[in-house]
A.B. asks: 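My questions will all concern the structure given below.
Every number for a ligand or one of its atoms is a count from 1 in the order of the listing. Positions are given from 1 along the sequence. It should be emphasised that the depicted structure is a prediction, and the values quoted were computed from it without experimental measurement.
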Amino acid sequence: MTKTEPKNGKFELLVLPYAPDALDPIISRQTIEFHHGKHLQTYVDNLNGLIPGTAWEGKALEDIVKESTGGIANNAGQILNHNLYFSALAPAKENNAPEGALLAAITASFGSFEQFQQDFEKAGTTLFGSGWVWLAQKKDGSLVITQETNAGNPIQHDLNPLLTFDVWEHAYYLDFQNRRAAQLHALWPLVNWSVVASRLEA
Ligand code: MN
């Protein structure tokens with residue numbers, strides 16, 4: 001996957017590729033402003049405060065996530081996870097679905113796109129506590145759904161992360177309150193499948 005390098009020793013807040021109200025009403029402007037502007041900003045500030053004087057100075061975000069532990073791993077993981085999440089969303093599209101090689105890989109691994117959606121929602125709904133549900137690619141090209149608690153990312157298990165939905169309560173509480181399953185089900189029109197497809201490795 002593409003590496004995220006620090007600039008002048010600092011990681012920067014992801015610039016969203018859409019306006020803060022572009023995903024409304026599925027993800028409201030208010031949720032984007034808190035989730036991206038406050039939660040993600042805090043992880044960025046925390047990591048930039050923790051790295052100086054450690055072996056992680058100048059290292060790419062992905063390498064830190066793979067190899068570090070403790071507070072550095074948690075904050076780096078949350079930055080990488082949110083970057084992958086926010087950058088694979090886009091304004092809602094009707095009949096939104098993957099195409100080409102990505103659709104073929106999903107069909108080969110899960111039977112159909114609809115079956116994949118069901119399995120993915122179930123994995124997100126049944127993940128206990130805070131975490132992330134992922135679509136990831138194995139070295140043999142096949143795809144798997146994984147559950148990662150807290151700040152976990154599939155690259156820590158040598159998998160290539162393609163798509164993630166955030167199941168921390170802060171991702172959905174303002175718009176869906178306690179209804180995590182309803183929020184996961186509502187997100188499909190917002191997935192930017194061309195971004196997800198661009199993450200496939202040959
Ligand atoms: Mn989050």
Side-chain angles (χ1 to χ4, degrees), residues 1-2 4 10-51 61-62 64-66 68 70-92 120-136 145-157 159 161-192 195-196 199:
M1 66 188 299
T2 318
T4 310
K10 301 274 183 197
F11 290 104
E12 295 178 345
L13 180 68
L14 173 78
V15 177
L16 292 177
Y18 40 78
D21 60 355
L23 312 180
D24 191 88
I26 301 170
I27 300 176
S28 66
R29 167 192 277 268
Q30 192 186 25
T31 290
I32 291 290
E33 286 173 350
F34 277 98
H35 197 187
H36 173 264
K38 306 286 185 191
H39 287 277
L40 180 52
Q41 182 69 62
T42 300
Y43 296 125
V44 171
D45 294 342
N46 286 347
L47 186 64
N48 286 333
L50 287 168
I51 283 181
L61 185 63
E62 291 74 10
I64 298 172
V65 171
K66 264 188 172 171
S68 67
I72 288 182
N74 286 335
N75 285 285
Q78 285 295 76
I79 298 169
L80 180 59
N81 295 356
H82 284 97
N83 288 356
L84 290 166
Y85 169 69
F86 284 123
S87 61
L89 298 176
F120 194 82
E121 287 178 34
K122 188 178 175 192
T125 304
T126 57
L127 196 168
F128 186 77
S130 295
W132 301 79
V133 56
W134 295 89
L135 173 66
I145 293 168
T146 71
Q147 295 172 317
E148 300 289 342
T149 55
N150 299 319
N153 185 294
I155 62 171
Q156 295 161 329
H157 323 292
L159 295 167
L162 301 178
L163 171 71
T164 189
F165 287 174
D166 185 345
V167 301
W168 284 60
E169 284 185 346
H170 67 224
Y172 57 86
Y173 218 82
L174 292 171
D175 300 326
F176 287 83
Q177 295 76 48
N178 60 311
R179 295 174 293 125
R180 185 196 284 187
Q183 199 255 5
L184 294 174
H185 187 69
L187 284 177
W188 296 112
L190 302 181
V191 175
N192 187 333
V195 167
V196 178
R199 295 172 179 167

A.B. asks: In a check of ring-ring contact (aromatic ring centres under 6.0 Å, His included) between His170 and each of Trp168, Tyr172, Tyr173, which one passes?
C.D. replies: Trp168
A.B. asks: Please find the N/O/S atom of His82 nearest to the Mn ion (ligand 1) and write down its name.
C.D. replies: NE2
A.B. asks: Just checking: His170, one of its N/O/S atoms, less than 2.8 Å away from the Mn ion (ligand 1), yes or no?
C.D. replies: yes
A.B. asks: To the nearest 10°, what's the angle at the Mn ion (ligand 1) between atoms NE2 (His35) and OD2 (Asp166)?
C.D. replies: 90°
A.B. asks: Give a yes or no on whether the backbone of Ala151 and the side-chain of Asn81 come within a donor-acceptor separation of less than 3.5 Å.
C.D. replies: yes
A.B. asks: Can you list the steps and then say if Gln78 with Thr42 is a side-chain hydrogen bond (donor to acceptor under 3.5 Å, both in side chains)?
C.D. replies: CA-CA 10 Å; Gln78 285 295 76; Thr42 300; over 6 Å; no
A.B. asks: For Trp134, which of Leu162, Leu163, Asn153, Leu159 qualifies under side-chain contact (heavy atoms from CB on, under 4.5 Å)?
C.D. replies: Asn153
